[in-house]
Each structure stands twice: as structure tokens, then as C-alpha cells.
Amino acid sequence: MPRPASPVVATPVLRLTGLGWSVRGVPIVEDVSFSVGEGEFIAFIGPNGAGKTSLFNLISGICPASAGSLELDGADITAESVHARARRGLGRTFQTSSLWPATTVADHVRLAAQAAAGPRASYRIWRRADRYADQVAETLARTELAHRADTPASALSHGEKRKLELAVLLVSDPRLILLDEPMAGVSAEEVPALTELIRSVHRDLGRTVLMVEHHMDVLLGLADRVAVMHHGTLLALDTPDAVMADATVQQAYLGEAL
Amino acid sequence: GTAGTNAADGGGAKSPVKVGLVYSRTGPLAAYGKQYLEGFKAGLSYATKGSGAVDGHRIEIEEQDDAGDPAKAVSAAKDLIGKGHKILAGSTASGVALQVGPIAAQNKVLFISGPAAADKVTGLNKYTFRSGRQSYQDIRTAASFIGDAKGSKVTVLAQDNAFGQANVAAVKAVLGAQGATVDAVLAPPSATDLTPFATQARTAKPDLLFVAWAGDTSAALWTALNQQDVFAETKVVTGLDLAASYPLFGPAGEKISFLNHYFGGAAGTPVEKAMDEAVTAAGGKSDIFTPDGFTAAQLIVHAVEANHGSADDTSALVKALEGWSFDGVKGRTTVRAEDHALLQPMFQVKLTGNGAAARPSVARTLTADEVAPPVTPMAG
Amino acid sequence: MPAAALLSVRDLRVVIDGLHILHGVDLDVAPTGVTALLGRNGAGKTTTVKAVMGLVPRTGSVRFAGTELVSLPTHLVVRQGIGYAPEDRGIFAGLTVAENLRLAERDRDAEPAYHLVHELFPELKQRAGQLAGTLSGGQQQMVAIGRTLLNRNRLIIADEPTKGLAPKIVAEVADVLARAAEAVPVLLVEQNLALVRRLAGTCAVLADGRTAHRGDTAELLADEDAARRLLGVGGRRPGPPAVTEEVNP
Amino acid sequence: MDTVVLLSCTGLGLGALYFLVASGLSLIFGLMDVLNFAHGALLSVGAYATWWAGTEAGLSFWLAVPFGTLVGTAAAVLLELFLIRPLYSRPRDQILATVGVGLAVPALLMGVWGADARPFPQPALLSGTWHVLGATVPVNRFVLVAAAGLLLLALRLFLARTRYGLIVRAGVEDRAMVTALGIDVRRAFTLVFAIGGAAAALGGALGGLYFGSVNPGQGTGLLIFAFVVVVMGGMGSVTGAAVASVCVGLVQQFANYYTTAGLGDLSVVVLLAVLLLVRPRGLTGRLA
Amino acid sequence: MHGSLRWWPIALLILLLVIPYSALPVPGLLDGPLGSPGSLQLIALCLLYGALATGYDLLLGRTGLLSFGHALYFATGLYATNLGMLELGLPFAAAAAFGVACAVALALLLGSVSLRVTGIGFSMVTLAFAQAGSILVQRNPGGITGGEEGRSAPAGRLPSALLGIENTANLYWIALAYLVLTLAAVHWAVGSPIGRVWQGIKENERRVEVLGLRPYGYKLVAFVLAGALAAVGGVVYLLLTGGATPQAATSDATLSLLVMVVLGGSGTRWGPLLGGVLYTWAGHRLGDLANSAAVADLPAVLRVPLSQPLFLLGGLFVAVVYLLPGGLARLPARIRAARSVRSARSAGPVGATGARPTGGSPA
Ligand SMILES: Nc1ncnc2c1ncn2[C@@H]1O[C@H](COP(=O)(O)OP(=O)(O)OP(=O)(O)O)[C@@H](O)[C@H]1O
Ligand SMILES: Nc1ncnc2c1ncn2[C@@H]1O[C@H](COP(=O)(O)OP(=O)(O)OP(=O)(O)O)[C@@H](O)[C@H]1O
Ligand SMILES: [Mg+2]
Ligand SMILES: [Mg+2]
């Protein structure tokens, strides 16, 4: 499938303007600006400590921006809290999987579905909680977790945890998805399936995706554009081919192949 | 006389009189509870002349521990009443007495409160009596230290809690009425550093400083009063508690004028002698609240005797006790009919010696009338 | 070859909470160079290493340079001269980088080899005062490896030292390990087969809590069938559960 | 004027007492993450041991205090060995076990020596007063302040100059990993607990001096203020606890005296609530 | 086996319903026969505390909030109801409604303040507020609380069916009704959408936020609901003990609730109830054991500690924490697990030497 060499950003889903974050005067993310178009897939690469996770924390609101601004669908969300941003349709996963250890797989998805129905739905103390059965079943089937529905998260294998993170994300049907190293620690044999799942979310559902990943072969097959981060700044944002050919990237990130 | 011999004959056959004791066997007031129980046993044996029975009806005692907690006391009282006890006694703590009293009234059983000193127990209801003294009698004993109160200045040093507030009110009522100016230095009950309050008491320069203090900080208080040199210019009066507390006054002990409910050997009456012998024989030692137990037993035996060994009719028991006057441990003792106050002598006491060597001696005995509390209308 | 092994593990078994995790692992670590421990996710590599260190209850025999380790508590195992970089890095998040390193100083008589660590990872010198919990994943890995290089160890055990590292750092870590292995033998647990191919002379492969294969690394990786069968490269199969994941964001 | 001086001096003395009580708690909480509800029991053990040595056994006060501290330390070591250590993998249960000990030990003391306060030995040297700017201040307040200062210094030196502070802090995060660095972490934990216990017992012994008496509930009664001080100081910062102790002591002393109803402890409670709402990490801002 | 297990709550309820009509003696467990007033009073107290612990576990075990100030709401319900009758002259029912309303308002106010901090900070702020309440009650402001002596409930304003020993059964019914109410409320809430959010908050609060839910509001609901249940408990307590005493407001009271919950098993359906019942029963009966002739005859080394009920209680608690992690409610599961291990062990090969790990669970 041919990809546009330089996608036209018609309706930016996300726009960052001069975004920065520093801790006790030390800049961690500095002056990052870019726009993400509807349905786009951007992969982030960069050396360890470049600020990729920190950038995701800024976008999802876990860290407060100390400079610049952030727009989601044209609305300024710079000062909004984590949950307010999530309600606008921003979903994310974490670099180390972040789940409720004693909660079952199905209940994870159910709570996510409930949360997606708005905060009011969760206050309905007079209702029963066993709703959203269709959504849960569908999502579990899509992520191939149906056979683990009643297993608590702590008993899942690493790959399954990664899938469950995606399931929790998918059921709330976010507009914008942030994935932080979804392949880390996943064994070689599980990588293709997980890649396929992410691809289908992006391509079949048309979701906008930002992803941090060190597995080059994975991201080259997925991304429309690749962003390179270095020392907290955005070094380059271009098509995969162009980025891979860039000498600075070669030197700062990839190094010579093993 | 004859009743006693009859009892010996048919003792086993007649239905026993069940008396329930709800008192602090454990908890913070356990020492008082122990004295009370020893006194009660001595009193029972004294009043029944060693038979443990009235008119052939054995007096059976069932003890329950309240650990100083009113909720536990209420449960225990209900348990005892449910098991058919018509007479309850005990209540080491005022909080317990004030909670158990209404239960007794609701169930129409006789309740004889023990060492609990709260004035509110007097006149609480028709079924509640007391076998000890009340705060008001303490205050009147304190008042006796200044001969003519008119124009004199009295300061009350107390903790800002129910006990302290009640003492301030009582001093105002007693000495204020006699023309004294009364003011108060109130310290928070939780305050541990009492030096500033001691200086406050000194700068007030009263003729009489009445200290109403209970609890764990008393040693700190007396040290502070001594260090701030309060005794040089002021007569200091306070209550003398159980023997174990004498050393806590430290060097101040000899400079204080004590009012006292009772200490072992204070009264010098034949009844006291009987009590002391019985308590000593049982391995105990007479102390401040031993007479309260002794008197409770006397009251119970008298009420049951008046009803020929039956405790079934509570009103008759009450009637028998109201207005009864008898020779108690401390001397002539009267149950006032109107509000069930127990009129009894009180003591002015001096301590001689320091620390563990401190010994009390009676300076003056006040008659029951001299220290009688005012009549409170019966509440219910 | 096995006769001269530095570390030799025989019939190692581990049961946790009633779950049998290792059913008899045999393993020899050569007295020089890198020995690789391979296997699919959940095969029991990490558990084997932890059992050697005494971090999980174990039975069987673990002989290290003539000493039986199986009844020793962990700190005495380490004092035999074993440096350990665990899978999840074992960083003390609330301590600074410098404190993390200082904690690892062990030898009373020898100077800790800070020069070596700082030469390999200059970042750690710059970030000495930073709380280790705020380091990026790769920086944490540097601390973990740095700690094993600080003391004069007779064996280094590294459990997936390149997990989560940028390709460039992976290459650098490979260099570090290669250099370290010149002086100290290394037992390396690794998913990255390219790295294994480059470093490891001999290897052992675990499957389902047992040793499935032992031998020369190059031979194994050259034999495509065996590689697929033992390492699952290319094949597809759901992995067994892994319980040891942390859950904080 | 002299009232203010008196209140300041005695407030400092009270603060010193709070610090003596809280320092061990803070150390144990800060390093080991154990909220030690048995700390009050350790105080009482120290106080009773000192009292026993000073009266029943007839030792001089200057020998009784070290004896009491020693007994308290031994009690702390036993507590650590038999209760805290087996529960390291269950931090919440550790707290609960100490709650149980905190209930049982005062009850035991009450069973043996009765519920009533016992007069505490007061050496003549310390029972006098000093005149400071017109105020008559008891000497033992200065003794408390000096002891608290020395203790603060000693604890800071221990934490800064030895590896133990580091080991225990790391051990709280991940015990297994500390052992995997070749360190016998259990010994370090026991040592820290013993030091905390020693501080508590010393606090108990000097508290007896302060109150002039000992009773079984004394330690537990002080515990709540010790908690307040530890939290205000920033959860386990010993220096923070010292600052907070002084603040609490002074505020309480002045508020007790100048407000009509004696609002000392209420003002402390309000102070704590406000501080936590404004600075959730306490004065020194260590981990919350 | 599981079929029969599902029915035991109903069987238990039926048992509880017939107790007042039974004269069965249960020597050792109770002092008198089952239906006697003393036993009914004790069982009612046990049920009351079982319910209180269940309500408290809504915070501790279900939402992960360690509050040290729960007794404040219990005491507010207790005192406000009593004062409603004594000072405002309200009839009992109105006073009870007033008391619960006061507690709910207070929980709403203090909860919204203290939930602004998390972790041990939250525990300490709640402790501080409860301590302030306790001090206030003891201080006897304006003479209305009665200070350390407390105040007894005005018999005149209470329905006559609740007075007197012969009506102890009615108090028992009220306590039982309160228990059923609490269990129903807690179980219903936990099974509702908000209960699912609570569980999420307990296990990983940040993760809940990332889903778009603000934990604060949900925690506040839990706090107020638990406070309201505690307040109703306070009203029941007033009826059972006939008065309001300051012991109810102390931090020790909260600590006892904590002990009960842990004893039974926090976060489990029946654990807190079990813990509350056992703790209360032991608190009353251990005194009898401590004072029994068997103890009195022991040598002093044993007699002195054993005659202190609080020592026994503290020791018992330590033993439970030590030997029964997860509380009594998890005991059956643990036994089952132990059994399966033993059978697995005897089937599988047995290793020659064993070594215990030095650390706790590997990180
Ligand atoms: N709270 C903090 N305080 C101080 N420094 C921080 C903090 N959080 C992150 N950093 C620093 O910011 C830099 C960026 O970290 P970040 O986690 O964003 O890196 P990353 O690009 O995701 O790296 P990796 O690929 O290794 O995960 C690192 O150097 C890290 O040490
Ligand atoms: N503490 C534990 N409790 C229960 N099961 C465990 C525990 N630790 C490990 N396991 C299980 O033992 C098996 C082996 O785990 P181990 O971590 O040793 O695998 P690994 O080979 O290191 O895998 P990976 O490549 O994912 O790191 C897995 O199925 C895991 O779920
Ligand atoms: Mg990252
Ligand atoms: Mg592993």
C-alpha cells in the first residue's frame, strides 16, 4: 500500500507549540512543536533518556508543561488534568505495564468501558456493574484474550499484559492513542501478532497513533512518519526512509548494526 | 438476734438473694476496685455477723468487670438483671455510675453506686443510692480550712474537664455564698507542662488555693507548685487519694492541707476496727475506698433484712434505705431520704514524712452535718 | 569442557507457592568468555539465575569454584565473587545514582573500580546526584551493569541487560560485556540473538523449566531447525504467564 | 515578659521531650517504612526499667538511665527479631503486629506494677530551678533540651557517616536486591530498630524525669504527638522531626496558656491538618 | 460443595433470627443461655461491631483508604442523636435522623478536605480531625457533652419498647437490622459501577485517571457512605448502651475497627463482620477468662499477664497477624492451598536439600 510521502495535515488532532518541561531548572523536554493529522501514525525513536516517555507524559497530562501549549482537536488542553484529557479521547499505555494486579482481564475491560461512558455512569451506585458485556466480549476477541477473561492481571504473561493494556485502551475507543514501547520484553514469537493488532487499530479503525519503540523493523512497517528525539528536543520528523538515511540519526541513535 | 440463729438452721433451703457487683477489676481504676471489693466482703461478713445470709437467705455475689468502660458496665448490668439480680452495686468510675443508674431505674432494681464521686449520682433517680462521698462533701471539707470566708480570696486550680469544672462550680457555690471571691486557673487536661499554671496560681496570691487534680500529671503539678514557691504565701488544699499516691506529692506533701474521705485508721470507730481486721485477715489493707464497699454491704444487708430476706420488692428495699441512719466505718452515717445523699463525716489530714515514708494523720474530723451537700430534687 | 566449569548447576528445582517452576536445570558456565542462557519467554531463565543467587527457594546443586552455594543465603553467595545485574535492573529508585553505586561497593581491601564504570558510562558521572527512579530505562540499565563492574568479581550474571535499550546502546553494552568477559566470565541471559551470536561461545537453552540443549552457540544458531524448535524464532505460540511484572506507571 | 520567657523555655523543653519520643519513630519510619505503633510500648519499657533500677534496685539515677535505655534497646531488638523480621514481605501486617504489641505491653506493665502512677527518682541535681530573665525554669527542662540536641547530632552522624542509612533505605525498596549486592540486610535492619528503640527508651526515661512519675499509659499517650511531629517533619526526616518538635512544643505551650479553653492540643491538630493540606509532604518535603 | 457454601449466609441469618427464642446454653462462649438478656446484649454488640467493621472496610479494603478517624463519624451519630433528644427536645426518630445528617455533613466536609492528600498524609489528617473531635467531646463545651463522664440517653424520649431488660430482644433486632443494612449497602455498592472504580483506585489510582475518571469524587462517595453507615451504628450504640461516652470518639476506637477488619480479612465479603464479632466477643469474654479461677491458681509469671484482658487481646491480635495473613476469611483458601501443595509434593520428586531465600519475594 503506497503511503503519501509527506502527509498533508488537514485537521490536526494534536498540536504542540513550543512544549517544554524542566525539573529543578534542568530541561528534560525542550521546545517541541509539531502537529498530528487525523489517522496518522507517528513513531518516536531516540536514545535512552532522550525524553520520549517524558513527552508522552506531557501530552497525557501526567507531567505539567512548564512551557508552551498543547491543543487537542483545536481546544487548548495545556492546563487540563489527566482525566479531563482522557475524557477528550486521549488514551495511553505505559512503558512498564500498568494494570490492576488483582482485577481480572474482563473486569479491566469492563471498567474501561464504563469509564468511556462518562464519569456519571460510574457514580450510579444503584445499578449493577455487570454491563457492557458486548463491548467486553468484542474487545477480548479482538485482542485474543477471551480465554483469559477470568484471570487476574498479575497471573498474565508479559505478552498478555501488553495485549490487555491495548484492550483497555481500545474499548474506550480513543481518538488519539499513545503507545510507550509496546514491544519491550515481548518474546520474538509474539512480536508479529502484537504488531498486527496495532496495525489493525490504526488502519481498520482509523485511529491516530503515536508510538515509542526501539524495534526498528516493527515501526518501519507501521509508521507514516518517524520522529527522532535527542536531548529532549525533536531532532527530525520525516518519512521513515528519510529518517533512516539521516546521518545524524545513524550516529546518535542506531549506531553500527550488530 | 433470733433472725441470725434461724438463718443458720434453714440456710440452704431458702432462696438466695442475688447481688451483682459491676466494678473495675482491671483498667485504670483497678486499684480502687480492689479496695472496694475487699471492703464489700468485709462489710457483708460484718453485717450478717459472719453468716453471709439474711433470715436464712444466702447473699450470693456475682462479680463483673467493667474495666472502667461504661459500655461494658451497661452490658454487664443488663446481663445481671437478666439473670434475676435485683440488687446491683459497684461503679468505681463516675461515667459508669451515671450510665448504670438509668438502667437500674428502667428495670426497677436497686443500684448502690460505689466510689464514683460525681454529684449528679445523688438524686439521679429513686433506685440509685451511693455508698461513698460526693465531690460536694470534698469541697465543704476544703472550705473548712478557712474559718471565715468573708472577704477572703480563693483560687481553684483544676483541669478543664468535667471533674475540674464541677469542682470550680462547687467552690463558687459553697465559698462564694459565704462571701469569698472565687476565681479559677484551669489547665487543659492534656497539658503536661504545668509550670505556667503554677506561676499563674502564685501571681493570683489567693488566701486559699484549692487544687482539684486527677490523673497522671499530679506529680508534675506538685513539683511545679513547689518549684514556683506557691506554698510560701498561700494555704494549699487538695484531696488525699489512696496510699500509693502519697509519694507523688514529693517534698510538697508536708506543706499541703488535705481534705480526705478516708485513709486506713482515720476514723477510730469500732466499725472501722472490724473492717480493718477483716480486710487484713483477707490479705488486704484498708485504704480510701474500702469503706465504700463496706458501706454498700451494710446498706444491702439492711434493706434485705427489712424485707425479711427478700429482695423481690425493690420499692420496699428503697423505702427501707431512705432515711436510714447507722454506725458506719467513718462514724454516724445517714442516707438522706430526699435525694439519697450519704451524709458522713470527713477529715482534715496532714502528711508527715517524705516520699515513701509519708504518713497521714487526722487534724480534725468534720461531722456529717458540717459537710452535708445541699438537697437536690430527685430526677426520676 | 564441563569438567573445568566455573559454575556448575545440577538438577536445580524451584517451587514457588506450590507452583513447580524449574524441574531440573543443568548448566555449566565456562571459566572464560560468555556463556548464554536462552529460551522463550517464561522458560525459566530468570528463575534459574535467581535460584543460583539464592533469591528463590531451591533444591539441587550449585557448585561455584568448588563451593556448594545451594545452602548459602544470598549475601554470602554474592561474597563468593558473583556480580548480578537482574532482569528488572534492581535499581533503588529513591536513592541517587551515586548512592546506588556506593551501595554495591563490597571489597574492603580493593578500591572500587569507579574509573572503569565512569569510562564506560560517562552519563553516570554526570547524573551522580539524580534520583535513580527518574532515570530513563536505558540509564537505569547502565547503573545495573555498572554495579557489577565495581567489584573484583569472579563471575558476572547479567539477565537481559539490553532490554529496552536503544540500538546504539545495545551495541555499546555488547562491547562492554565483551571487554568485561576478557577478564571475568559472564553468564548472559538474552533474547537478542544477534548479540548472543557475537558474544557467547557456549550456551544452554531452557524450555519449560528444564535444560533442553547445551552446546556451542554458533552451531545452534546455524542449525535453523534446532533454533526454531528451541528458541521459537518464527514459530507462534502463546507464552506462559509471567507474574513478576511491576505495575506502577 | 517573664511569662513569655517561661513559656518559651518550657515550650522548648516540651519540644525536646517530643523530639526524644519522635526521633526513634521517625528513624524507623523513614528508613524501614514501619509505622511503629509499639513505639509507645518501648517508651514505657524504658521508663519502667529506669524507674525500677532507680527505686527497687537502688541504683543511682545516673546508672538507672543507661540501664533503662539498655533494657529498651533489648526490647526493641527482640521485637524486631521475632515480630518485624518475619513479616518483612507483608508491610501492612508489620504495622498491625506493632499495634498488638502496643496494646499488650502497657497492659502487662499494668498487671505487674498496677495502673497508678509511680514516683520517678529525681536526683537532687536536677530537681532545682534556674532563674532566666525573671522566670523560674525547672532544671530538667534544660537537661531535656541538651539530651535532644545530642541525640539529633548522634542520629545525623549515624546516617551521614555510616552505610547503614543507605542500606536500610535501599532495603525498604527492595530487600532481595540489597542482599544480591552481598549485604546482610537483616543485620542493618536490626541495628536501626535497636537505635530507634534506644532513642525511645531514653525518651521514656527522661520523660519520667519530666513528669515526675511513670504510669503504664504514659508512652502511648505521647505517641500521638510523636506521630504528629513525624508527619509534620516530613515522614522520616530526623532533622524535620526536630524542627517540628520545637514548633509543636512552643505552639502548644503558648496556646495552652493564652487561649481561654486551653486550646493547645487542638491548635497542634489544626496546625498538622493545615500543613498537610498546604504542603502534603511535610516541612522538609521528603517522600509522602 | 460450592452449592452448599453459597447458602450459608442465609442459614446464618436464620440462626440469628431464632436466637432470641432459644434458651440453649452455650457454656464457655456465653455467660447465660442464648436468649437471655445478657447474651442478647453481647450478641447485639458483636453484630453492631461486625457491621461497623464492614462499613469501615469500605474504605480500607475496598478503596484502599487507611483512615484513622472513622470513630469520629460513629461518635457524631452517637452524640448528635443524644443531644438532639437532650438539648433540642426532639423525639427519638427525629433525633436519629438529625444525628445521621450531622455525621454525613461532617463526613462530606472533612472528607473533601482530607482527600486532597494521599497516602500516609491522608491517614494523619483523618487522625488529626478525629483527635480534635475527641478532645472537643472530652472538653465538655458548654456542658453539653458531659465530658469524660458522658451523658445517658433520656429514657423519657425513647420509645418504651426499647427500655428495660425485658425488651433487650428489640435492641437485638435493631442491631441485626443494622447489620443487614450495612452488609446490603456495602455489597451492593461494591457490586455497582462505583465499586469497580473503587477497586481500580485501590490497586492503581493513576491508571483510573488515565481512563478519564477523577478518583477524588469516587473516594469522597466512599468516605461519606462509610461515614453515614458509622453514624447509624452510633445511633444503634446509643440504644444498646443507653448513653454517649467519650470512649466512642477516641482514636483507640478507630484502631479497634482496624484490628477487627484485619482479624477477619480486609477486602473480603464476610471477613470484617467475622473480625468485628470475634473481637467484641473476645473483648467481653477475655475479661472473664482473665478473672477465672483457673488463671487465679497459676504461678505469678503466668497469672499476671493472663489476668489482663488487653494483654490477651493484644497477644491474640499479634498471633492472628503472624499466623493468619489475610485474616480469618482467607483461612479456608489457605488450607486448601496447603493441601494441594502437600499432595503435589508427595506425588512429585522431593529435593534433597532445601534452602530458604534470605529476601522476601523477589522484586
Ligand atoms: N522526575 C524527573 N526528575 C529528573 N529527571 C527526570 C525525571 N523524569 C525524567 N527525567 C530525566 O529525563 C530524561 C528523559 O527521560 P525519559 O523517560 O523521557 O526517556 P525516554 O526517552 O523514554 O528513554 P527510554 O527509551 O530509556 O525509556 C532522562 O534523562 C531522565 O533521567
Ligand atoms: N514468583 C513467581 N510466582 C509464580 N510464578 C512465577 C514466579 N516467578 C516466575 N514464575 C513463572 O515461572 C515461569 C518462568 O519465569 P521466568 O521469569 O524464569 O522466565 P524467563 O525465561 O526469564 O522469561 P522472560 O524471557 O519473559 O524473562 C513463568 O511462567 C512465570 O510466570
Ligand atoms: Mg521511555
Ligand atoms: Mg526473564
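The shown structure was predicted, so the numbers you read here are calculated from the model rather than taken from an experiment. First the proteins, then the strands, lettered A, B, ... as listed; each starts at 1.
By the neighbour-count criterion of 12 heavy atoms within 6.0 Å, atom CZ of A:Arg15 is sparsely surrounded, having that number or fewer from other residues, nucleotides or ligands. Counted within 6.0 Å of CG on A:Asp204, heavy atoms from surrounding residues, nucleotides or ligands total more than 12; the atom is thus considered enclosed. Around CZ of E:Arg62, the count of heavy atoms belonging to other residues, nucleotides or ligands within 6.0 Å exceeds 12.
With a threshold of 4.5 angstrom between heavy atoms, A:Ser172 does not approach chain E through any atom at all. Both the backbone and the side chain of A:Ala112 come within contact range of chain E, with heavy atoms under 4.5 Å apart. Neither the backbone nor the side chain of E:Val190 comes within less than 4.5 Å of any heavy atom of chain A. Using a 4.5 Å cut-off between heavy atoms, E:Val221 touches chain A through its side chain atoms alone. A:Ser60 does not touch chain E: none of its heavy atoms, backbone or side chain, sits under 4.5 Å away.
With E:Trp188 as the aromatic partner, A:Arg128 meets the cation-pi criteria of under 6.0 angstrom to the ring centre and within 45 degrees of the ring axis.
Distance check: E:Leu213 CG to A:Arg87 CZ gives 7.0 Å after rounding to the nearest 0.5 Å. For the atom pair A:Ser81 OG and E:Arg214 CZ, the distance stands at 7.0 Å (nearest 0.5 Å).
A donor-acceptor pair is defined here as one N or O able to donate and one able to accept, closer than 3.5 Å; no such pair exists between the side chain of E:Arg196 and the backbone of A:Leu111. With hydrogens and angles ignored, the 3.5 Å screen pairs no side-chain donor or acceptor of A:Arg85 with any backbone N or O of E:Gly212. With hydrogens and angles ignored, the 3.5 Å screen pairs no side-chain donor or acceptor of A:Trp100 with any backbone N or O of E:Lys202.
Options A:Ser122, A:Ala86, A:Ala84 differ in how many heavy-atom pairs under 4.5 Å they form with chain E, and the most are formed by A:Ser122. Most heavy-atom pairs under 4.5 Å with chain E: of the set A:Gln114, A:His108, A:Arg124, this distinction falls to A:Gln114. Top candidate by heavy-atom pairs under 4.5 Å with chain A, chosen from E:Gly191, E:Gly217, E:Gly195, is E:Gly191.
In terms of heavy-atom proximity, A:Tyr123 sits nearest to E:Tyr218 at OH-N, 3.5 Å. Considering all non-hydrogen atoms of both residues, E:Pro193 and A:Ala121 come closest at CB-O, 3.6 Å.
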